[in-house]
Each structure stands twice: as structure tokens, then as C-alpha cells.
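Scroll down for the structure; my scribbles are underneath it.
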Amino acid sequence: MLTCETKSSKFLDDAFIREWQHLLLRVPSDQVLFGPAWYCVWNRTWGASGRWSGQLRLLVVRDEAGTLRGILPIAKTRIGPIPVWSMAGGHQPDRPLLADESCAFGVGRAIGEFVSRQNWLALQIGTTRTSNEALQGLIASLDACGTVYRHHLKEPIAIAQTPTTFDAYRQDVLGGRFHRKIGYYERKMQKAGDVEIRHFRQPSTVETAHMLDDLATIERNSWLVNDPDGKPRFIDGHAQAMWTQLIGQQLTPNDQLDCWIQYLDNKPVSFVFSLTTATTRYVLANNYDERVQDFRTGSILYRKMMQDGIERGIFRYDFGAGNLHYKKYWGAEYNETLETYVVFPNRTVGRAVQLGLDWQARLKRPVQPSCQNARQLSTGAKSTTKQVKSEFDSPVDTRELMTSD
């Protein structure tokens with residue numbers, strides 16, 4: 001039998017940290033990033049800024065023998081003026097419900113039963129993967145307990161599964177024309193000045209500081225700073241502190257960081273930033289200085305990243321949510337989905353939310369097709385909607401090479 005209890009992050013002793021690290025040996029290999037260092041560093045930095053309060057709790061699941069079988073870190077945040085609990089963190093890579101693979105569904109059920117007994121106003125679960133077996137167990141448990149929740153289906157995730165050799169990838173996925181175009185822009189850039197590409201892997205403290213400074217410089221010179229929907233990863237001081245500590249404490253010791261920065265005349269102009277674990281690579285962010293937008297620097301760095309990964313035995317590339325657009329050129333397809341659930345354990349709040357959902361369902365009416373769509377259905381005429389062109393058939397979109405959750 002599995003049971004769940006809550007634990008404050010302020011009391012993470014060495015024994016519990018060792019238990020958590022041992023649990024990571026029994027979770028899916030693409031989840032081993034999410035150890036104690038990840039959440040402790042996040043909580044001290046990003047998790048203490050903006051709408052986050054710096055309050056972190058762990059929902060801890062154990063079996064009858066006391067063995068740790070699952071963990072769900074949650075943090076206090078705000079939705080408008082209302083304080084609620086939420087899964088800790090919001091950027092890609094999306095946070096999983098960490099669970100021993102041998103009993104993942106049961107771990108989710110135990111968490112769901114525990115949550116249903118609380119008097120919290122709300123708990124946000126997600127964004128997390130639809131395929132997460134612990135998530136499925138949690139939702140089944142909420143249903144069994146009659147706990148009210150609201151479901152939001154999020155965007156699909158772009159994932160590429162590559163061949164086992166770069167030659168096969170270049171031939172079967174990139175294709176000759178696309179690969180030649182990358183070479184053309186690479187040569188074009190070399191004519192513009194002195195070009196250097198540096199690969200940061202297991203950087204020292206000094207190298208980390210230089211790398212983060214260069215990433216922030218590129219973001220400041222990119223489209224992000226002038227776009228209200230832009231989501232910089234490295235400019236904010238809290239973000240800089242988080243990456244500095246996380247790289248030193250976890251990513252460098254475990255060889256989980258891979259970052260490529262391109263320099264033109266010794267000035268940083270483009271980057272790709274990724275995290276690597278087992279056979280999965282999370283492509284977290286890439287961007288470029290708008291001065292070099294005509295050189296397709298993103299494609300040049302992506303080729304470096306993909307070749308490096310395949311040669312190291314990394315065959316799964318997670319590009320996160322968002323439009324496929326340029327990602328499809330690298331073999332990405334939609335084969336996974338992100339979901340978010342807002343749970344209302346407080347019975348009074350839950351009843352009010354349920355009434356609102358019932359009224360919303362009653363007011364819904366079938367959507368009538370537009371005149372144009374109706375004519376198309378009746379006549380078989382083709383749609384006049386414009387198709388998105390290849391990145392080499394039209395001027396580059398200055399946002400096309402930014403991957404952010």
C-alpha cells in the first residue's frame with residue numbers, strides 16, 4: 001500500500017536527499033534531471049520571484065516498508081490575488097510527477113487521495129505529459145474521491161526521433177537540398193567576418209559566467225526585448241542566479257549541459273542551449289542577434305547540436321511546445337501532449353466551480369461553419385488559406401529560432 005504525506009523543503013536532510021537520488025534510478029531516464037538540486041536551486045532563485053513566494057513543499061509517497069516511491073514538488077504562487085499551490089516551475093522542460101516506474105499509477109493515486117483530503121483553495125497540476133502514468137493515476141483518484149477539477153489541454157510537443165548515424169540523419173531527414181543550404185549560409189557568414197562556434201560542456205565556474213553573459217547579450221539584441229510575448233531565459237537576474245547555481249551543482253557534475261554559442265568578430269551573435277540526459281536532449285532555447293538574421297545561424301548551430309548528439313548516442317530531441325514550423329526540418333513531429341489540471345480540494349470552492357462549469361456547458365451551442373467553409377464542404381473546393389513556406393523560400397522570421405515554453 002502506498003501512502004502520501006507532505007514535507008517542507010526546509011527540512012531536506014542528507015538522508016532524504018540520498019533517498020531522492022536513489023529514486024531517480026527508478027524513474028524514466030528522461031526525468032533524471034529533476035533531483036533535489038534542481039528544485040532547491042529553483043526555489044531559492046526563480047521560485048522566489050514574480051508570482052512565486054519561495055514556499056516549496058514536497059508530496060512524498062512511500063510504500064509499506066518506508067521506501068520512497070514518488071515525489072511531487074509544489075510551490076505557493078498566485079492566480080490574480082488568490083494564493084494557490086502549483087507544480088514547481090513553468091518553463092520547459094515540463095515537470096513530471098516523479099514516480100518509480102514499477103508503481104507509477106499507484107503513486108499518482110496516493111497523491112490524488114492526499115490532495116482530496118486537503119482544504120486548499122486550488123492546486124495546479126501541470127504542465128506535464130499526458131503519457132505520465134502517475135498523472136493518470138492522480139486523475140483516476142480525483143474522480144474516485146469526487147474532487148472537482150478543471151482540465152486544460154495544452155499544446156502538443158515537438159519531438160524528433162533520429163537514426164543512429166549522422167550520415168543517415170543527413171540523408172533521410174535533412175535531405176540534400178536543406179543540408180546544402182546550411183552550408184551556403186555558413187560560407188556566407190564566414191565572408192562577413194571571423195566566425196567561431198564554442199561548445200560549452202561541463203564548463204568551469206569562470207566559463208559558466210562568460211557563457212551566461214554572452215547568452216544574455218544575444219537575447220538583449222534579439223527580437224525578444226521588443227515583443228510583448230517574448231520570454232527571455234537569461235536576462236533576468238533570478239534566471240542568471242538559477243543557471244549559475246544549477247550548472248555548478250548539478251549540470252556540470254552530471255554532464256547534462258550542452259550549449260553552442262556562435263561568435264562573429266569575437267562578439268556573441270547566436271546560441272542553442274540544451275540539457276542532455278541519457279538518450280534525450282531538451283532543446284530549451286535558441287536565439288540570435290538581429291544583425292545576423294540573414295545568415296540562418298540557428299540552422300548552422302542546430303546541425304552542430306544534432307551531429308554531436310547522434311554521435312554521442314542521443315536519438316530523442318524534445319523541442320517543447322509550439323508551432324512545428326522550422327522544427328519539422330529537423331525531423332520533429334507532434335507525438336506527445338502537455339496538459340494542465342486545476343484541482344479544487346476545498347469543497348465549497350469546488351461546488352462553486354462545478355456550478356460554473358455546468359452553466360458553461362448548458363450555454364454552449366454548436367458552431368456553425370462559415371460561409372466559405374460551407375461552400376467548400378458542398379463543392380469540394382480547395383481552401384484559400386495560405387500555406388507556410390519553407391525557411392528558405394521566404395525571408396527569415398525573426399522569431400523562428402526561439403524555443404521556449
Side-chain angles (χ1 to χ4, degrees), residues 28-31 92-94 129-131 155-190 195 197 199 201 255-262 270-288 294-338 386-397 399-404:
S29 62
D30 60 348
Q31 298 179 8
Q92 182 202 10
D94 53 278
R129 305 293 171 101
T130 307
S131 61
E155 291 182 286
I157 305 171
I159 295 175
Q161 298 280 355
T162 70
T164 56
T165 68
F166 185 72
D167 285 342
Y169 176 75
R170 181 175 55 196
Q171 178 178 338
D172 300 337
V173 179
L174 297 184
R177 180 175 179 268
F178 183 36
H179 194 259
R180 287 192 298 273
K181 284 288 186 180
I182 298 172
Y184 165 77
Y185 283 107
E186 192 169 28
R187 292 188 297 273
K188 181 179 177 181
M189 188 170 183
Q190 289 169 350
V195 178
I197 296 175
H199 179 192
R201 178 184 177 187
D255 195 15
Q256 293 172 333
L257 171 70
D258 286 285
C259 175
W260 286 263
I261 300 180
Q262 189 173 46
S270 184
F271 72 82
V272 173
F273 185 90
S274 67
L275 301 182
T276 302
T277 173
T279 58
T280 295
R281 174 167 284 169
Y282 295 96
V283 187
L284 297 197
N286 48 287
N287 215 324
Y288 54 88
D294 293 334
F295 296 110
R296 305 299 197 272
T297 58
S299 294
I300 295 169
L301 293 183
Y302 260 46
R303 184 180 62 179
K304 291 278 187 184
M305 178 191 68
M306 300 300 292
Q307 182 169 359
D308 167 84
I310 292 171
E311 290 175 353
R312 286 165 54 187
I314 302 162
F315 307 125
R316 184 174 182 271
Y317 295 79
D318 187 322
F319 294 92
N323 197 303
L324 272 180
H325 194 32
Y326 70 90
K327 302 171 189 176
K328 64 186 177 183
Y329 295 108
W330 304 93
E333 297 177 347
Y334 289 143
N335 57 12
E336 179 62 283
T337 348
L338 289 176
K386 290 184 179 180
Q387 300 298 313
V388 177
K389 293 183 178 181
S390 139
E391 68 170 303
F392 296 113
D393 292 333
S394 61
V396 67
D397 179 351
R399 305 176 194 180
E400 71 179 305
L401 291 176
M402 179 61 195
T403 304
S404 180

Yes or no on ring pair (Phe, Tyr, Trp, His ring centres under 6.0 Å) for W330 and Y317, after CA distance, side-chain angles and deciding distance? CA-CA 9 Å; W330 304 93; Y317 295 79; 9.9 Å; no
Applying side chain to side chain contact (heavy atoms under 4.5 Å, CB included) to Q256 and L275, what does each step give before you reach the verdict? CA-CA 5 Å; Q256 293 172 333; L275 301 182; 5.5 Å; no
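In this structure, R312 pairs ionically with D308, as a charged nitrogen and a carboxylate oxygen lie closer than 4.0 Å.
The nearest pair of heavy atoms linking S274 to W260 is OG-CZ3, 4.0 Å. Annotation for F295 and I300: closest pair O-CD1, 3.7 Å, computed over non-hydrogen atoms. Among all heavy-atom pairs drawn from M189 and V195, the shortest one is O-CG2, 3.6 Å. Listed here is the closest heavy atom pair of L301 and S270: CD1-OG, 3.5 Å.
A distance-only check finds no donor-acceptor pair linking the side chain of T337 to the backbone of T130 [under 3.5 Å]. With hydrogens and angles ignored, the 3.5 Å screen pairs a side-chain donor or acceptor of T277 with a backbone N or O of S29. No donor-acceptor pair closer than 3.5 Å links the side chain of Y288 to the backbone N or O of Q262. With hydrogens and angles disregarded, a donor-acceptor distance shorter than 3.5 Å links the side chain of R281 to the backbone of M305.
Residues L257 and F273 are in side-chain contact: their nearest non-hydrogen atoms beyond the backbone lie under 4.5 Å apart. Within the 4.5 Å cutoff, the side chain of Y329 has no heavy atoms near those of the I182 side chain. The shortest distance between side-chain heavy atoms of S299 and F178 falls below 4.5 Å.
Residues satisfying the side chain to side chain donor-acceptor pair (under 3.5 Å) criterion with D30, sequence neighbours excluded, are absent altogether.
Here the OH-CZ distance, from Y184 to R177, works out to 12.5 Å after rounding to the nearest 0.5 Å. L174 CG to Y302 OH: the interatomic distance, rounded to the nearest 0.5 Å, is 12.5 Å.
Paired with E186 under the rule side chain to side chain donor-acceptor pair (under 3.5 Å), one option of K181, R296, R303 passes, and it is R303.
By the neighbour-count criterion of 12 heavy atoms within 6.0 Å, atom CD of Q171 is sparsely surrounded, having that number or fewer from other residues, nucleotides or ligands.
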Return a table of donor-acceptor pairs under 3.5 angstrom between the side chains of residues 155-168 and protein atoms on other chains or two or more places apart.
| unit_1 | atom_1 | unit_2 | atom_2 | d |
| --- | --- | --- | --- | --- |
| T165 | OG1 | A168 | N | 3.2 |
| D167 | OD1 | R170 | NH2 | 2.7 |

